[in-house]
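Quick caveat, the model's predicted, so the values are computed rather than measured. In what follows, chains are A, B, ... by sequence order, proteins preceding strands, each numbered from 1.
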2 protein chains.
Amino acid sequence: MLMSMDTHLLRTFVAVLEHRSFSRAASALGYTQSAVSQHIAALEADLGARLLERRPVAPTPAGTRLMEHAPALLLRLDAARADIARLPDARPARLTLACSPAALTPAVAQALAQLHTATRLLDAEVRLLARESVLEDVLTARADLGLVDGVAAPSDPLPLPDLGPTTTRAAAEQPLAVLFPAGHPLARRRSVRLTDLTQARWIDAPDTAVPLDRLRAVCRTDGFRPRIRHRGTDLHGLASLTAADLGLTALPLPLAATFPGITAVPVEEPRLVHRTELIHTAHPTATAQQLADLIPRHGEAAS
Amino acid sequence: MLMSMDTHLLRTFVAVLEHRSFSRAASALGYTQSAVSQHIAALEADLGARLLERRPVAPTPAGTRLMEHAPALLLRLDAARADIARLPDARPARLTLACSPAALTPAVAQALAQLHTATRLLDAEVRLLARESVLEDVLTARADLGLVDGVAAPSDPLPLPDLGPTTTRAAAEQPLAVLFPAGHPLARRRSVRLTDLTQARWIDAPDTAVPLDRLRAVCRTDGFRPRIRHRGTDLHGLASLTAADLGLTALPLPLAATFPGITAVPVEEPRLVHRTELIHTAHPTATAQQLADLIPRHGEAAS
DNA sequence: AATCCTTACGGTGTTCGTAAATATG
DNA sequence: CATATTTACGAACACCGTAAGGATT
């Protein structure tokens, strides 16, 4: 009766927790409530521990532990499938590029344009995603190439989770800036120390380059408490929140300087840069490699 | 008919490639040859690609791709199971510490001794493993605590693969040294540049702190070509190979200085250290935490 | 009472082993 | 011809859905 933690079971487990309901998870997965119930029961029997509280549905401690593994496992399972699926095809002419919000720089756009004229490329697609989703898209072959941005020490790689075999390469490094509303007292300074701003009001924008928990990690502090949260990839909207004095934001300096009502001040301390990295699988398609070669580089690294 | 890449199938797939034979894999797994054959057939049907060549058994390109994912997947599956299994137990009194070869320093031994007297600890075990295996042991709960060593830039973390939720902490940083046989012309120098030694004869010791591919990565060169390879965790034997002029080795300076027939010369450029890191799961056992707290620290980081 | 999850039960389809067939070197 | 993998087949079993049973709000 004890199966070896079948992937089906993990999938429904995750779905149940996402939907906080057996029945909703069931219809989402195309199963019966009964089947979902049996799946969870089987998992619990297999692992010898209760995983979920019911009514309301919530994870037990053991369920929480399992949840720390299951999504990554399922993602990697999909990645493996995708890696094999894209192996033998006559390459479809479509090229898909997944980008986190601030990673789509003019240089990238130019590279795309070059490729377009050079190869009479039929179809290219750019997907703007939350930074967490880019790696996922590349691993599952929803995108041929990815561009993620974030903050790091100069010439350090971004700390990306290692969910499968990928290759990473620095595409750009730009100075990091804090955005102030135009009249802000600190807006006249030539540079700021991040460590002076731990107690300021910040906007947490977890889908963009600089989630606040990253700033906390990089500055080794537990300041940077968010006043409000901004979800999504709309940097212009984010900047306008700052312009309205709802809180501070950090963005790459050249980009930050383009927003109206904003004064961007470079970060002086700690020594940080806004870095963009190019991601592709260990075995990129030919066109993907072509585009990758057209995107300027700024150093090198691989995983 | 298409299953969702069942974990059984992956397990037998890996076993078949490890044993290079359907029949040997079958008996290793407690199956019939027939069952193994059916497993592989099912996987190939599911993924729509031939995975193995038969007679002799060897991976096809698609099989190679799958092999880039399957072991990590299975490891993480075991890690999840272990994470849950060790959750509710009344703690068994045994504490297991997994160490890579040069990570077991006097400070660690002292910490163990302290714990032993402080808690009248019934049973402690130290496992000396190849550096790759330490993380694996911690994830699967074969060890409560891990110590891995390697080279990195000062105060940079070691690049460990992210195969599951773990916490990492620097335990020590020591100067890195190159080992020369006692009479070697360079052995009289006060320090050496690694970049001057890319063309020298090296011993590759992939199970110890400084595999040559790591040196290549860190020096951004493709030198450091191995003359011979040394497997295993026996540093004394490794040093004696160097003493016999079979090739150079890099080790932490204080340790290197203890070997007879060897002159250890500190590395001056690039700026590198030998670093030891303490690993435990995100939810360590009480005794594991106790020991961890007794081991001196040298900075901090988490994943 | 309504909603939601669990349990009982039967049909369908899958998995395994035995054994015969087939391919390879 | 010997060894190794595949295929055929039947029995045991697992899985899902229907439907009835509990539990919780």
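Contacts with DNA chain D (heavy atom under 4.0 Å) in residues 15-23 of chain B: S21(B), F22(B), S23(B), listed by number.
Taking 4.5 Å as the limit, some side-chain heavy atom of P211(B) sits within range of a side-chain heavy atom of R131(B). Under the 4.5 Å side-chain criterion, counting only non-hydrogen atoms from C-beta, V14(A) is in contact with M67(A).
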Q) Are E68(B) and T64(B) close enough, and set up right, to give a side chain to side chain donor-acceptor pair (under 3.5 Å), and what steps lead you there? A) CA-CA 6 Å; E68(B) 290 167 7; T64(B) 307; over 6 Å; no
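Residue pairs meeting the salt bridge (charged side-chain N to carboxylate O under 4.0 Å, His left out) criterion with at least one partner in residues 7-24 of chain B, sequence neighbours excluded, are R11(B)-D78(B).
Rounded to whole Å, atom P of dC5(C) lies 8 Å from atom CZ of R24(A). The distance from atom NE2 of H39(A) to atom C1' of dG17(D) is 12 Å, rounded to the nearest whole Å. For the pair Y31(B) OH and dT15(C) P, the interatomic distance rounds to 11 Å; values are reported in whole Å. Taking atom CD on E53(B) and atom C1' on dT24(C), their separation rounds to 13 Å, with Å as the unit. Between D46(A) atom CG and dC15(D) atom P there is a gap of 11 Å when expressed in whole angstrom units. Taking atom CD of residue Q33(B) and atom C1' of nucleotide dA19(C), one finds them 12 Å apart after rounding to whole Å. The distance between atom CD1 of I40(A) and atom P of dC15(D), rounded to the nearest whole Å, is 14 Å. Put simply, CD on E44(A) is 13 Å from P on dC5(C), counting in whole angstrom units.
Under 3.5 Å, the side chain of Q38(A) and the base of dG17(D) form at least one donor-acceptor pair of N or O atoms. Counting distance only, with no hydrogens placed and no angle test, the side-chain atoms of R55(B) and the base atoms of dT3(D) include a donor-acceptor pair under 3.5 Å. In terms of polar N and O atoms assigned as donor or acceptor, the side chain of S34(B) never comes within less than 3.5 Å of the base of dT5(D) in a complementary pairing.
Side-chain proximity of S37(B) to the nucleotides dT6(D), dT18(D), dT18(C) is greatest for dT6(D).
The existence of a salt bridge linking R229(A) and D204(A) is confirmed by a sub-4.0 Å separation between a basic side-chain nitrogen and an acidic carboxylate oxygen.
V36(A) comes within contact range of no nucleotide atom at all, as no heavy-atom separation falls under 4.0 Å.
Ring planes of F224(B) and W202(B): perpendicular class, angle over 60° (limits at 30 and 60°).
D137(B) meets the side-chain contact (heavy atoms from CB on, under 4.5 Å) test with A98(B), R127(B), L129(B), R142(B), A143(B); sequence neighbours excluded.
Between H8(B) and dT15(C) there is no side-chain N or O to OP1 or OP2 distance below 4.0 Å.
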